[in-house]
Structures are given as C-alpha cells and as structure tokens.
Amino acid sequence: MSSKFEYGSDLAVEILKALDIKFVALNPGASFRGLQDSLVNYVSEGPEIITCCHEEIAVAIAHGYAKATGKPMAVMLHNIVGLQHATMAIFNAWCDRVPMVILGGGGPMDTSKRRPGIDWVHTALVQGNLVRDFVKWDDQPYSIVNIPDSILRAYRVATKEPQGPVYVCLDSDLQESRITKPITLPEVEQYIKSPHLFPDPEALHQAASWLVAAKSPVILADRLGCLPDAVSKLIELAEMLAIPVVDLGARFNFPNTHPLDMTGLQQSILPQADLVLALDVEDLYGALHYLDHHTKEEVSLLRRRARIIDVGLRDLAIKSWSADYQRIHKADLSIPALGGITISPLIDQCRNLLKSSGRPRLQMRLANLKMQHQSAREKWLEEARQAGSAKNISPAWLAYQVWESIKGEDWVLANGRLQDWPRRLWDWEHPYQYLGHSGGAGLGYCMGASLGIALANKGSGRLCVNIQPDGDFLFTPQALWTAARYRIPLLTIMHNNRCYNNTVSHAQAVAKARRRNEANKWIGTSLNEPNVDFSSLARSFGVYAEGPIEAPGDIRPALRRAIDVVQKKRLPALVDVVTAE
C-alpha cells in the first residue's frame with residue numbers, strides 16, 4: 001500500500017487501524033498531541049478514543065478488554081508523568097499475562113526543539129527504563145520509517161504466549177514531522193501470525209500413560225481458560241478418566257455445576273492423589289501446599305510419592321525484578337506448552353490407551369466424586385441462606401442475593417470474589433462468565449478492568465457485574481465518569497465493609513500472635529468517620545445509584561431497579577451495600 005500519510009503520527013495510527021485495534025484509552029497529554037490529532041482528524045473508522053481521568057484507569061480498561069476479547073487494546077500515556085501514574089496497572093497486566101500495546105509520548109529528543117522547562121522535565125533517557133522490568137518488550141524508534149516495524153513487533157510480542165504488555169515511546173518530534181518520502185504500509189498479517197508451541201510427542205505419551213494408570217488423579221487448572229475452547233476439552237478429558245478438577249481461578253477453567261468440579265475441596269482431595277496434572281498453573285507450590293496464616297508454616301497436601309505433570313509456559317515469563325514467578329516446585333514431567341494446546345493430543349493418547357486397558361474403577365470413582373461435589377454445593381447454599389437471618393449483611397448473603405437477582409440474565413462477573421461465594425453459589429457454565437483477578441493484586445484495578453470487560457460486551461445483551469471493594473474503588477473513583485461518558489452498561493455493587501478488610505485480618509493476626517490488644521485492629525485500617533457516600537459520588541459523575549443499603553432484605557429490590565437501568569437503558573448503575581466483613 002503506497003504512502004498517503006502526511007505526518008509520522010498518521011503512519012502510527014494507520015498501523016493501529018490495520019491491526020484492527022478498536023479502542024485507544026488515554027488521559028490527554030501534550031506529548032502525544034500528534035497521535036491524538038491523527039486519531040481525530042486523519043483516520044476514518046479507526047480506533048475510538050476512550051477518555052479516562054487517570055492513566056491507571058486507561059491501562060485497567062485495556063486489561064479487562066483484552067481478557068474479554070482475547071485481543072489487545074491500545075493505551076496512550078503522556079511521557080514520564082503519565083507513565084509513572086500507569087505503572088501499577090501495567091504491573092497488574094504483566095502479572096496477569098495480558099496483552100496490550102502501550103504508546104508513550106516523549107521528548108522531543110532533539111534538545112534544540114524542546115520548550116524551556118516542561119519538555120526537559122518530562123523527557124527521559126530512555127523512557128522505557130521505567131517499565132522494562134514488567135513489560136515483555138519496549139522500544140523507542142529513531143525515525144519515521146522505523147515506526148511500522150516497532151508497532152508491528154510490539155503487537156506480535158504482546159500477543160505471543162506468554163502474553164503481556166509492551167511499551168513503545170514515540171518522540172513528539174517524530175509524531176509531528178512531515179513524511180517527505182513514500183512509505184509502504186506493510187501487510188500486517190504477514191508479521192503478526194505465529195503458531196503455538198506444540199508439546200513433545202514422547203512427553204505426551206508418558207503423561208497419558210500415567211493418567212490412565214493412576215488410581216486417584218487430580219487436575220489443577222489456572223490459566224487454561226485464556227483459550228476458551230480449552231474448557232470444553234478439559235471437560236472431555238476429565239469425563240473420559242473420571243478425574244476431579246480444581247479451578248485455581250486465574251481464568252474460568254471448569255464449570256462449577258459439573259460433578260467433577262472439586263474447587264474449594266483441595267484439602268480433602270489432594271492428600272488422596274497419586275498423580276497431579278497441572279495445566280497452566282502460575283503458582284504450583286502454592287497450589288500444593290497449605291499455609292497456616294497464624295504460624296506461617298507450610299504443609300504439603302500431597303503424598304510423598306505422588307507424581308506431578310507440569311504443563312505450561314511459566315518459565316518463559318520470568319524476569320528478575322519481581323518474584324511473580326513464585327516458589328519453584330519439583331515435577332516428574334514438565335511439558336513446555338500451553339495447557340489449552342496440550343489437552344487435545346493428550347485426549348487422543350489417553351483414548352488409544354483406554355482401548356487396550358479398559359475403564360476399571362472409573363464409574364465408581366465418578367459416583368464418589370459426584371456425591372462430594374453435590375454435598376459441598378448444598379452445604380454452601382444452606383450456609384448462605386442462613387446468613388440472611390443475621391442483622392448485618394455478610395459476603396455470603398450478598399453473593400446469594402446477587403445470584404437470585406441475575407440468574408435469569410446472560411451474565412458476566414467482570415470482577416469480584418466475595419470470599420469465593422459467587423463461585424460456590426452461582427452457576428458458572430461458560431468461559432466468558434468469569435475472567436479472573438488483577439494478577440498483581442494492585443489496588444485500583446477493579447473498576448477500570450470491569451469497564452473494559454463491559455466495553456467488550458457492549459451490544460451483546462450480557463449483564464456485566466462488578467462486585468467492587470470499597471478500598472480498591474477509592475483509588476480510581478473517577479472511572480465512573482468514563483462509564484457515564486461512553487454509556488458503558490455495567491452494574492457495580494459496592495462491597496462496602498468500610499475498611500481495608502485484608503489489612504484488618506493481618507493486624508488482628510499479628511496482635512494475637514504477640515498477645516496484644518486485637519481491638520486495635522481498626523486503627524489505620526478503617527474507612528469510616530466519615531462513611532463514604534458512594535451513591536452520591538456515583539450520581540455526581542452521572543451514574544444511576546442506590547444506597548447505602550444496610551438491611552439484608554433491601555438488597556434484591558434495589559438490584560432489580562439497577563439491573564433495569566443497565567439492561568433496558570444500557571447505562572451504568574451502582575448499588576452501595578454495607579457489609580459486615
């Protein structure tokens with residue numbers, strides 16, 4: 001394709017359009033004014049700008065969007081200051097192995113063209129140094145002709161497993177310089193396609209042999225659901241061999257309505273296992289050990305001679321700065337490939353072996369697991385129902401009330417664990433219904449990522465639900481403006497316990513261990529006196545809101561009204577629920 005670009009920024013935006021990037025999230029900044037002009041005044045039907053009130057929100061929106069679609073968004077960050085604001089959100093995306101293309105403005109590097117004062121303060125050498133330890137790749141192209149190579153490589157690196165964010169700094173002078181020589185736009189498909197790593201055939205055969213011969217195998221799945229088609233394959237493998245599955249929750253990996261789902265029952269089934277198949281598990285050591293939070297002692301949940309098959313690409317995403325790679329753990333067989341790619345050929349191998357060995361023990365094993373599964377579900381449901389008789393609202397009761405309000409909808413839990421009660425009580429049946437957590441556990445993630453997921457589902461008719469912790473929300477409350485401005489239909493339910501509850505637990509545990517006053521756990525951890533009026537805050541940003549709700553019986557009517565706003569008017573809504581913990 002021949003050149004039709006006037007400026008460097010026109011070329012950059014044309015590449016983004018060719019890559020089919022739908023949205024660019026940004027907080028306005030002078031250092032990418034060339035790019036912004038090209039998005040607004042040059043390209044037609046190109047990426048749409050999503051304006052945010054903080055860079056951390058912009059990156060979080062791209063984070064959620066990528067998890068919902070499997071495709072990266074673009075983000076634009078204003079030189080040094082915008083990049084520094086965004087670092088926490090970039091780290092979350094790195095730990096969560098989520099692809100996004102981050103474009104930074106900077107410079108001009110030519111010092112003769114810098115404005116006195118501000119251009120000097122906001123220019124770095126080299127800007128990518130700030131995030132190099134938690135992005136997959138960074139670049140700062142030298143000339144206009146280098147822009148296509150840089151952005152194409154960034155996209156390819158970001159989307160190749162293990163995925164992650166990338167950062168490209170485009171000098172402001174480069175953006176605003178006229179193109180004086182013809183430039184050909186590359187055929188992007190020839191640059192970005194690459195096959196997945198395929199598992200070693202001999203290792204697959206060995207794994208299949210062990211699985212078929214095992215008396216008490218267990219499957220652990222963590223990031224398998226990054227490839228949604230892998231979920232149905234995991235169901236097929238589990239049913240073929242009557243293997244219980246534990247979903248570790250980085251993505252949706254296994255339906256909780258399936259009788260082989262043993263999520264939440266690890267401490268009872270892992271000690272019986274003679275073989276563990278780990279599929280895309282980020283923290284294998286943590287998954288196989290129990291940590292006593294009071295004594296800090298770790299106890300293995302496995303028999304000494306239990307075999308471990310470890311499938312995944314965890315070791316390809318290691319960097320030295322952050323220890324997000326977790327504690328190393330032994331494995332009897334390691335297969336460096338995506339679990340989602342490995343399951344299909346593994347099923348074929350197991351099926352061939354079963355033809356000769358038959359299926360002894362499988363029916364009895366399935367019947368026993370089905371009883372355990374059903375018993376656990378009934379116990380959790382009864383516990384949640386009984387919580388409704390309490391004076392205060394518990395996480396179990398809130399999760400139950402939300403489920404009773406949305407179970408007739410085609411829903412997506414964009415965010416919210418509520419102490420695992422949604423997975424215990426709701427019917428999780430489709431991979432799109434849950435997309436995991438922040439990755440890096442950095443506060444400020446939830447609202448922005450939920451907006452990204454709701455943006456990805458806009459027009460689908462699905463009800464996107466964000467169960468929003470109050471402490472996390474107060475990092476980025478201005479995300480509500482973006483929700484209202486772009487009419488993003490998202491139901492936000494404030495889990496308003498008026499404290500940083502995780503820190504409260506730590507404060508109490510330390511005081512107890514030291515035999516000190518546990519009542520002081522609220523000092524420095526509470527969010528009351530004054531209480532935050534989240535409903536008024538939401539209305540000030542143009543979002544429909546109700547609350548604060550403090551009576552257990554008042555939750556469902558408020559939710560029903562808010563759901564009508566989201567589903568019928570296609571607008572955001574917030575319900576503030578005060579909880580006891």
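For clarity, every value in this text was computed on a predicted model and none was experimentally measured. Residue numbers count from 1 along this sequence.
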Fill in: Derivation of the side-chain contact (heavy atoms from CB on, under 4.5 Å) call for Trp137 and Ser150
CA-CA 10 Å; Trp137 182 71; Ser150 184; 4.2 Å; yes
Worksheet entry | Short N-O contact, Asp138 and Arg132, less than 4.0 angstrom |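 Yes, Asp138 and Arg132 are salt-bridged.
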Worksheet item: Looking at Asp420 and Arg417, does any basic side-chain N land under 4.0 Å from a carboxylate oxygen?
Response: no
Taking [X] for its side chain and [Y] for its backbone only, find out whether a donor-acceptor pair lies under 3.5 Å.
X      : Y      : value
Gln163 : Thr159 : yes
Lys136 : Val157 : yes
Asp139 : Val168 : no
Asn92  : Gly442 : yes
Arg307 : Val276 : no
Asn466 : Ala414 : no
Gln267 : Tyr290 : no
Asp280 : Gly339 : yes

Worksheet entry | Inter- and intrachain pairs under ring pair (Phe, Tyr, Trp, His ring centres under 6.0 Å), touching residues 236-258, at least two apart |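 For residues 236-258, and leaving out neighbouring residues, the ring pair (Phe, Tyr, Trp, His ring centres under 6.0 Å) pairs sorted by first residue read Phe254-His258.
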Response to the item:
residues 298-324 vs ring pair (Phe, Tyr, Trp, His ring centres under 6.0 Å), sequence neighbours excluded, gives Phe134-Trp321
Worksheet entry | Separation between CG of Leu277 and CG of Leu220, rounded to the nearest 0.5 Å |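 Output value for this atom pair is 8.0 Å.
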Worksheet item: From Arg423 CZ over to Trp428 CH2, what is the distance, rounded to the nearest 0.5 angstrom?
Response: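 Separation between the atoms: 6.0 Å.
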Discussion item. Going by side-chain contact (heavy atoms from CB on, under 4.5 Å), Ile309 matches just one of Asp332, Leu346, Leu275, Thr342. Which one?
Written reply: Leu275
Worksheet item: Between His289 and His329, is the gap from one ring center to the other below 6.0 Å?
Response: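 Yes, the ring of His289 comes within the 6.0 Å limit of the ring of His329, centre to centre.
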Fill in: Ring centre gap for Trp421 and Trp426 strictly below 6.0 Å
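Centroid separation for Trp421 and Trp426: 6.0 Å or greater.
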Worksheet item: What salt bridge (charged side-chain N to carboxylate O under 4.0 Å, His left out) pairs are there with at least one residue in residues 81-98, not counting sequence neighbours?
Response: Lys67-Asp96, Asp96-Arg223, Asp96-Arg251, Arg97-Glu282, Arg97-Asp324
